[in-house]
2 protein chains.
Amino acid sequence: MTASSVRLGHFEQLVLLAVLRLGDAAYASAILDEIDHATGKTASAGSMYVTLDRLEEKGFLRSRLADSTSERGGRPRRYVTVTAYGLRELRSSRAALLKLWRGLEGVLENS
Amino acid sequence: MTASSVRLGHFEQLVLLAVLRLGDAAYASAILDEIDHATGKTASAGSMYVTLDRLEEKGFLRSRLADSTSERGGRPRRYVTVTAYGLRELRSSRAALLKLWRGLEGVLENS
DNA sequence: CGGTCATTCCTTACAATGTAAGAGTCGCGG
DNA sequence: CCGCGACTCTTACATTGTAAGGAATGACCG
């Protein structure tokens, strides 16, 4: 279990970032769309719920349920927000990538 | 197996980037150092070999053995280089992250 | 009212990826 | 000869990624 070795996986990172961008409007389907838009790849809904649960368990995310009366149908939405801890992870992950990318712009820039 | 769904994981991406930067000098221990340097976290050697194997299997990486006579001891070094395919993945992964980061600079920039 | 629909959620099981622990090889210095 | 340092590789297990499928809730229409 080694609690100290917890890091962000690839998909987890994308999810956290999408949540940040969506602000108040972050719930599963919206996050899915956001990721789809950025990556061009569509993840399944199941992946999202599982990942959201795990992120919350680890303290990277917090969630609250919307009033069911205010919704049009289906179960009440579960809105999520990134915690301070999650934000810290995101920052350090970004810093590491920027470091590794530095100097490779020529090679990595798109065709 | 779903061959088309192959993506880069978190660590795999770091490894590929480190290999790119190291150029001719890319072999396991050096890659390990490079990643350590960028992330501040030390991965184990075992992780590296396993990951290198898997990346090669998937065609993101190619490897060749150094002359054993030219080495100081131990087994001959295994040098690796990123394939065109690997480079493409790296680019698209970077593009996705840049998209998601855009507009969040204020929040993500470091303390 | 009852049926169909769209929207949302969740569970389960399995595949892919991440990681640690530990062992094997070779050449050198003592 | 023996231990040491610099490499590599194997194995086994934990964590993360993903698809498939099911169920709740309310709108709309006949």
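Throughout, a chain's letter reflects where its sequence line sits, starting with A, and its residues are numbered from 1. Since this is a predicted model, take the numbers as computed values, not measurements.
If you measure from atom CG of A/Asp53 to atom C1' of C/dT11, you get 10 Å, rounded to the nearest angstrom. Nucleotide D/dC9 holds its C1' atom 16 Å from the OH atom of B/Tyr27, rounded to whole Å. Atom CE in A/Met48 sits roughly 14 Å away from atom C1' in D/dA19 (whole-Å rounding). Put simply, CG on A/Leu52 is 9 Å from P on C/dC9, counting in whole angstrom units. Rounding to whole angstrom units, CD of residue A/Gln13 and P of D/dG17 are separated by 10 Å.
Of the charged side-chain nitrogens involved, at least one lies within less than 4.0 Å of a carboxylate oxygen, so that B/Glu109 and A/Arg94 count as a salt-bridged pair. One finds no salt bridge joining B/Glu89 and B/Lys58 here, because no Lys/Arg side-chain nitrogen approaches an Asp/Glu carboxylate oxygen to under 4.0 Å.
Checking the phosphate oxygens (OP1, OP2) of C/dT8, a side-chain nitrogen or oxygen of A/Ser29 falls inside 4.0 Å. Look at A/Lys58 and you won't find any side-chain N or O under 4.0 angstrom from OP1 or OP2 of D/dT15. Residue B/Ser44 places at least one side-chain N or O under 4.0 Å from the OP1 or OP2 atom of C/dA20.
With hydrogens and angles ignored, a donor-acceptor pair closer than 3.5 Å exists between the side chain of A/Arg54 and the base of D/dG17.
Heavy-atom distances to DNA chain D give each of A/Thr42 and B/Arg78 a nearest nucleotide, and the one nearer the 5′ end belongs to B/Arg78.
Among the protein residues, A/Gly9 comes within range of the sugar-phosphate backbone only, with heavy atoms under 4.0 Å from sugar or phosphate atoms but none that close to a base.
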